[in-house]
K.L.:
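Mind having a look at this structure? Questions to follow.
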Amino acid sequence: MKLKESYSVVIDAVPPYSFELSLRKPAGWWWSTPEEIFENGVCWSATRFNKELLGLKLCSTGTKEKPQVHCTIYSKNKIGNSEKQNIVRMLQRSLKTKENLTGFYELSKKDDIMRGVVEDLFGMHTVGWPELFPALILAVTLQMAPMKRSNQMMDLLMAKFGEQINFNGKTVRYWPSTETIASKSTQELMTEAKLGYRAKNLIDIAKTLNQGFPTLDELSSLDPQEAKQKILSLQGIGPYSAELVMPRMEFPLDTWSAKIFNVLFFGIEPQKPRDAVPALKKVAEERWGNWRGYAFVYVLNDLTKLSERIGFDLTKF
DNA sequence: GCGTCCAGGTCTACC
DNA sequence: GGTAGACCTGGACGC
């Protein structure tokens with residue numbers, strides 16, 4: 001589908017804000033879709049807003065100290081003024097441009113783990129999901145699978161059921177819609193996207209979202225615990241997945257990250273990583289409070305340098 | 001080449 | 001309220 005340029009907006013961010021570190025994490029994580037393109041500091045990405053696909057071209061027009069993000073929005077149909085404002089709000093939320101990291105950096109000065117990590121990644125913000133369903137797809141495909149297999153499932157979902165947009169000379173593939181997934185049979189998703197037992201859950205989630213479910217913008221205006229309960233009510237979404245999807249990320253420990261944080265907190269590898277999760281979450285909450293989501297993202301994006309500092313190879317997990 | 005194990009969780013049944 | 005056991009699938013591993 002070919003999209004036309006609709007409008008541009010410049011979003012100011014609270015400094016320090018590193019556009020490149022925030023949008024293209026050192027560990028390789030993408031923002032909205034694994035297919036987004038990042039070249040010479042410019043990001044071409046996509047999202048779905050009110051059921052319509054949008055192309056997004058983002059770049060920094062400021063500095064870490066005076067940050068500005070220039071966003072151009074591409075669409076098939078004309079976008080009305082109130083819709084434009086809603087899209088800007090969505091971008092501000094998902095790019096975390098209003099988040100002030102002063103408290104996090106103050107706390108990190110006194111923390112042995114975080115002190116070096118924040119120096120390495122100064123200005124990096126966590127990012128939020130532009131859209132809820134892709135976040136849930138990621139969470140579901142990460143369950144009970146090595147990364148290679150999760151990537152295979154996501155890639156097949158995009159290839160067989162996703163959509164492709166062309167704008168500004170770029171082509172970006174995007175996630176399937178809830179309508180598309182809800183219309184498929186369990187068997188179809190099992191064979192075509194190799195989802196296994198997750199197929200049933202993903203269809204169930206898509207149907208629930210179709211029946212009317214808060215968007216991420218709406219969830220972010222709720223009390224965090226209320227928002228979490230809402231997300232947890234979805235079939236196949238447990239604590240790990242909910243914390244991964246939450247507007248303000250908590251501490252989504254899985255077996256991989258549990259091994260890493262067990263080494264950081266207690267100096268040893270856990271015998272059973274899943275059993276170690278409750279104790280690790282407790283330590284993270286006591287140590288980092290509401291900034292634990294930030295600590296989580298900073299640590300996992302700085303494993304190589306952190307490993308050198310502590311003399312333990314955290315990248316082996 | 002073949003069999004076994006288990007992974008970046010969640011739900012259910014049972015106590 | 002706590003906890004085994006099951007769940008798709010395919011890559012890794014041992015033989």
Side-chain angles (χ1 to χ4, degrees), chain A residues 25-31 34 126-127 129 132-161 181 184-209 228-246 249-265 269-284 292-293 295-304 306-307 312-317:
Chain A
K25 296 280 186 292
W29 282 102
W30 27 268
W31 169 51
T126 63
V127 285
W129 291 92
L132 179 60
F133 191 49
L136 293 164
I137 294 178
L138 174 80
V140 167
T141 53
L142 282 178
Q143 293 168 9
M144 275 294 284
M147 267 318 288
K148 215 169 183 177
R149 174 139 163 66
S150 299
N151 284 331
Q152 178 193 43
M153 290 186 267
M154 288 189 269
D155 195 54
L156 286 169
L157 277 170
M158 293 260 215
K160 309 261 172 139
F161 308 111
I181 295 300
K184 304 297 169 194
S185 68
T186 306
Q187 197 54 43
E188 223 170 336
L189 287 194
M190 286 176 93
T191 52
E192 297 282 309
K194 300 188 188 296
L195 286 192
Y197 73 93
R198 304 166 194 80
K200 192 176 169 300
N201 289 344
L202 197 63
I203 292 170
D204 204 273
I205 290 168
K207 286 181 177 168
T208 306
L209 264 54
K228 190 173 181 181
Q229 287 310 316
K230 195 81 196 155
I231 297 168
L232 279 170
S233 71
L234 295 165
Q235 180 64 32
I237 297 298
Y240 163 74
S241 301
E243 290 184 20
L244 198 67
V245 168
M246 283 282 285
M249 206 174 85
E250 291 190 11
F251 206 70
L253 282 173
D254 47 35
T255 54
W256 169 69
S257 49
K259 289 177 196 166
I260 291 166
F261 282 96
N262 208 84
V263 171
L264 290 173
F265 291 160
E269 290 182 44
Q271 292 285 326
K272 294 183 177 175
R274 277 187 195 157
D275 293 349
V277 167
L280 293 168
K281 283 193 173 180
K282 191 162 178 279
V283 174
R292 60 194 185 282
F296 185 85
V297 173
Y298 264 70
V299 163
L300 297 182
N301 277 287
D302 200 32
L303 291 180
T304 305
L306 188 53
S307 296
F312 187 106
D313 183 15
L314 297 166
T315 64
K316 71 174 184 178
F317 297 126

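Per chain, numbering begins at 1; letters A, B, ... match sequence-line order. The figures here come from the full heavy-atom set of this structure, side chains too, leaving out hydrogens, waters and symmetry mates.
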K.L.:
For dG10(C), take OP1 and OP2 only and decide whether either is under 4.0 Å from a side-chain N or O of Lys194(A).
P.N.:
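For dG10(C), OP1/OP2 do have a side-chain N/O of Lys194(A) under 4.0 Å.
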K.L.:
Quick check: do Phe261(A) and Val283(A) have side-chain heavy atoms less than 4.5 Å from each other?
P.N.:
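They are not in side-chain contact.
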K.L.:
Show the numbers, then the answer: is there a side-chain contact (heavy atoms from CB on, under 4.5 Å) between Gln187(A) and Thr191(A)?
P.N.:
CA-CA 6 Å; Gln187(A) 197 54 43; Thr191(A) 52; 3.6 Å; yes
K.L.:
Remember a base hit wins even if backbone is also touched, and classify Met153(A) as base, sugar-phosphate or nothing at under 4.0 Å, heavy atoms.
P.N.:
nothing
K.L.:
Output one line per pair: protein atom, nucleotide atom from nucleotides 8-10 of chain B, and distance, for all N/O pairs under 3.5 Å.
P.N.:
| unit_1 | atom_1 | unit_2 | atom_2 | d |
| --- | --- | --- | --- | --- |
| dG8(B) | N3 | Asp254(A) | OD2 | 2.9 |
| dG9(B) | OP1 | Thr255(A) | N | 3.4 |
| dG9(B) | OP2 | Met144(A) | N | 3.2 |
| dG9(B) | OP2 | Arg274(A) | NH2 | 3.1 |
| dG9(B) | N7 | Arg274(A) | NH1 | 2.4 |
| dG9(B) | N7 | Arg274(A) | NH2 | 3.3 |
| dG9(B) | N2 | Tyr197(A) | OH | 3.3 |
| dT10(B) | OP1 | Gly238(A) | N | 2.8 |
| dT10(B) | OP1 | Gly238(A) | O | 3.2 |
| dT10(B) | OP1 | Ser241(A) | N | 3.0 |
| dT10(B) | OP1 | Ser241(A) | OG | 2.7 |
| dT10(B) | OP2 | Pro239(A) | N | 3.4 |
| dT10(B) | OP2 | Tyr240(A) | N | 3.2 |

K.L.:
Please give, in whole Å, the distance from dC8(C) C1' to Gln187(A) CD?
P.N.:
11 Å
K.L.:
If pairing requires Watson-Crick or G-U wobble contacts with both distances under 3.5 Å, which nucleotide is the partner of dT4(B)?
P.N.:
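Answer to the pairing question: dA12(C), which forms a Watson-Crick or G-U pair with dT4(B).
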K.L.:
Using atom P of each nucleotide, how far apart are dC8(C) and dA13(B) to the nearest Å?
P.N.:
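Comparing P positions in dC8(C) and dA13(B) gives a spacing of 15 Å.
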K.L.:
Rounded to whole angstroms, how far apart are CG on Leu202(A) and C1' on dC8(C)?
P.N.:
14 Å
K.L.:
Please examine the side chains of Asp313(A) and Lys316(A), heavy atoms only from C-beta on, and report whether any two atoms are closer than 4.5 Å.
P.N.:
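Touching, per the 4.5 Å side-chain cut-off.
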K.L.:
Report the C-alpha separation of Lys25(A) and Val297(A) in whole Å, then their side-chain angles, then the decisive distance to 0.1 Å, and conclude whether the side-chain contact (heavy atoms from CB on, under 4.5 Å) test is met.
P.N.:
CA-CA 9 Å; Lys25(A) 296 280 186 292; Val297(A) 173; 3.7 Å; yes
K.L.:
In whole Å, what separates the C1' atom of dT3(C) from that of dG8(B)?
P.N.:
22 Å
K.L.:
Anything under 30° is parallel, anything over 60° is perpendicular, the rest tilted; go ahead and classify Phe265(A) against Phe251(A).
P.N.:
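Phe265(A) vs Phe251(A) ring planes: parallel.
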K.L.:
If I take atom CE in residue Met154(A) and atom P in nucleotide dC8(C), what distance separates them, rounded to the nearest angstrom?
P.N.:
20 Å
K.L.:
How long is the line joining NZ of Lys272(A) and P of dG5(C), in whole Å?
P.N.:
11 Å
K.L.:
Between protein and nucleotides 13-15 of chain B, what N or O pairs are separated by less than 3.5 Å?
P.N.:
none

K.L.:
Send over the distance from Lys148(A) NZ to dC6(B) C1', rounded to a whole Å.
P.N.:
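Checked: the NZ to C1' distance equals 16 Å.
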K.L.:
Write down the distance between CG (Leu189(A)) and C1' (dC7(C)), rounded to a whole number of angstrom.
P.N.:
16 Å
K.L.:
What integer distance in Å separates Arg198(A):CZ from dG10(C):P?
P.N.:
10 Å
K.L.:
With distance as the sole criterion, do the side chain of Arg149(A) and the base of dC8(C) form a donor-acceptor contact below 3.5 Å?
P.N.:
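Under the 3.5 Å cut-off, the side chain and the base do form a donor-acceptor pair.
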K.L.:
Give a yes or no on whether a salt bridge exists between Glu250(A) and Lys228(A), defined as a side-chain N under 4.0 angstrom from a carboxylate O.
P.N.:
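Looking at Glu250(A) and Lys228(A), the cut-off is met.
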K.L.:
Do you see a donor-acceptor pair shorter than 3.5 Å between the side chains of Ser241(A) and Gln143(A)?
P.N.:
yes
K.L.:
Any non-hydrogen side-chain atom of Leu264(A) less than 4.5 Å from a side-chain atom of Leu306(A)?
P.N.:
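Yes - at least one pair of side-chain heavy atoms lies under 4.5 Å apart.
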K.L.:
Give, for atom CG of Leu156(A) and atom CZ of Phe161(A), the distance between the pair rounded to the nearest 0.5 Å.
P.N.:
8.5 Å
